[in-house]
Engineer: 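The structure follows.
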Amino acid sequence: VQLQAYGGGEVQPGGSLRLSCAASGRIGSVGALGWHRQTAGKQREWVASITRGENRNYADSLKGRITRSRDNIKNTVTLQMSSLKPEDTAVYYCHAYNVGDYHPSRAPDYWGRGTLVTVSS
């Protein structure tokens with residue numbers, strides 16, 4: 001499974017940003033799709049995931065500020081973030097779990113390349 005992320009960039013505090021990720025390859029094995037993020041000097045942290053059945057989970061730090069959507073035909077997942085804060089600055093990584101493997105505390109089975117999100121005035 002290959003994951004290609006799109007989006008990222010610089011945004012002012014309070015602004016919005018959309019990240020997208022497209023999965024290709026052995027799509028039939030993919031269960032949950034979503035995102036982690038990592039800031040300098042910290043461990044990569046889970047942000048949000050959507051299962052194939054569109055069960056949505058997200059980190060409390062982003063509660064009320066994100067919208068996730070998934071297109072099972074196009075094999076894409078989108079993360080729309082709003083009311084962004086400087087502490088949301090991070091490299092965001094698209095992830096995928098094999099069917100039956102998903103849990104936020106588990107490392108994903110597949111990673112995409114990171115895309116940088118910078119929240120700064």
Side-chain angles (χ1 to χ4, degrees):
V1 175
Q2 293 79 45
L3 302 172
Q4 178 66 54
Y6 303 89
E10 187 168 348
V11 63
Q12 292 186 341
S16 300
L17 198 68
R18 176 181 293 180
L19 302 177
S20 297
C21 177
S24 60
R26 297 185 63 181
I27 301 302
S29 67
V30 172
L33 287 170
W35 300 88
H36 274 65
R37 69 183 181 184
Q38 187 171 22
T39 56
K42 294 186 177 181
Q43 287 189 329
R44 199 170 294 186
E45 65 172 348
W46 172 80
V47 172
S49 298
I50 305 178
T51 67
R52 184 178 289 271
E54 300 199 24
N55 181 27
R56 293 170 168 80
N57 302 103
Y58 53 86
D60 288 342
S61 60
L62 289 160
K63 184 177 181 179
R65 300 193 291 124
I66 65 170
T67 302
R68 299 129 297 149
S69 61
R70 175 171 178 165
D71 186 326
N72 286 327
I73 295 176
K74 295 181 179 179
N75 300 308
T76 59
V77 61
T78 299
L79 182 69
Q80 177 76 39
M81 299 183 289
S82 60
S83 301
L84 285 164
K85 307 173 183 179
E87 51 263 43
D88 294 317
T89 295
V91 177
Y92 285 72
Y93 295 89
C94 180
H95 68 234
Y97 292 83
N98 285 327
V99 175
D101 286 353
Y102 167 61
H103 191 278
S105 65
R106 284 195 67 250
D109 296 294
Y110 307 99
W111 292 104
R113 289 187 177 183
T115 182
L116 177 63
V117 172
T118 303
V119 184
S120 173
S121 56

Engineer: Identify every side-chain donor-acceptor pair in residues 25-37 under 3.5 Å, counting partners at least two apart or on other chains, and give the distances.
Structural biologist:
from	atom 1	to	atom 2	distance (Å)
S29	OG	R26	O	2.8
H36	ND1	H95	ND1	2.8
R37	NE	E45	OE2	2.7
R37	NH1	D88	OD1	3.0
R37	NH1	Y92	OH	2.9
R37	NH2	E45	OE2	3.3

Engineer: Under the salt bridge (charged side-chain N to carboxylate O under 4.0 Å, His left out) definition, can you give me all pairs with a residue in residues 53-63, not counting sequence neighbours?
Structural biologist: E54-R56

Engineer: How close do T39 and A90 get, heavy atom to heavy atom, and via which atoms?
Structural biologist: CG2-CB, 3.6 Å

Engineer: Can you see which heavy atom on A96 is nearest to which on P108, and at what distance?
Structural biologist: O-CB, 3.6 Å

Engineer: Specify the closest pair of heavy atoms between G8 and L19, including all atoms of both residues, with the distance to one decimal.
Structural biologist: N-CD2, 3.1 Å

Engineer: Residues in side-chain hydrogen bond (donor to acceptor under 3.5 Å, both in side chains) with Y110, at least two apart?
Structural biologist: N98

Engineer: List for me each residue that meets side-chain hydrogen bond (donor to acceptor under 3.5 Å, both in side chains) alongside N75, sequence neighbours excluded, and say none if there are none.
Structural biologist: none

Engineer: Is any side-chain heavy atom of L79 less than 4.5 Å from a side-chain heavy atom of I66?
Structural biologist: yes

Engineer: Checking Q38 now: which residues fulfil side-chain hydrogen bond (donor to acceptor under 3.5 Å, both in side chains) with it, not counting sequence neighbours?
Structural biologist: R44

Engineer: Compile the donor-acceptor pairs under 3.5 Å between side chains in residues 112-121 and protein atoms, sequence neighbours left out, one pair per line.
Structural biologist:
from	atom 1	to	atom 2	distance (Å)
T115	OG1	G7	O	3.0

Engineer: Any disulfide bond (SG atoms under 2.5 Å apart) pairs touching residues 8-67, not counting sequence neighbours?
Structural biologist: C21-C94

Engineer: Could you identify which residues cluster with Y102, counting Ile, Leu, Val, Met, Phe, Trp and Tyr as linked when any side-chain heavy atoms lie under 4.5 Å apart, either directly or through a chain of such contacts?
Structural biologist: W46, Y97

Engineer: Kindly work out whether a path of hydrophobic side-chain contacts (I/L/V/M/F/W/Y, heavy atoms less than 4.5 Å apart) joins V47 to Y58.
Structural biologist: yes

Engineer: With rounding to the nearest 0.5 angstrom, report the CG to OG distance, L3 to S24.
Structural biologist: 7.5 Å

Engineer: Once salt bridge (charged side-chain N to carboxylate O under 4.0 Å, His left out) is applied, what residue pairs with a partner in residues 93-103 remain, sequence neighbours excluded?
Structural biologist: none

Engineer: Between atom CG of L62 and atom CE of M81, what is the distance when rounded to the nearest 0.5 Å?
Structural biologist: 7.5 Å

Engineer: Write out all pairs satisfying salt bridge (charged side-chain N to carboxylate O under 4.0 Å, His left out) with one or both partners inside residues 7-21, taking only residues at least two apart or from two chains.
Structural biologist: none

Engineer: Can you sort out the partners of Q12 under side-chain hydrogen bond (donor to acceptor under 3.5 Å, both in side chains), two or more places apart, ordered by chain and number?
Structural biologist: none

Engineer: Can you name the residues that form a salt bridge (Lys or Arg N to Asp or Glu O under 4.0 Å) with E87, not counting sequence neighbours?
Structural biologist: none

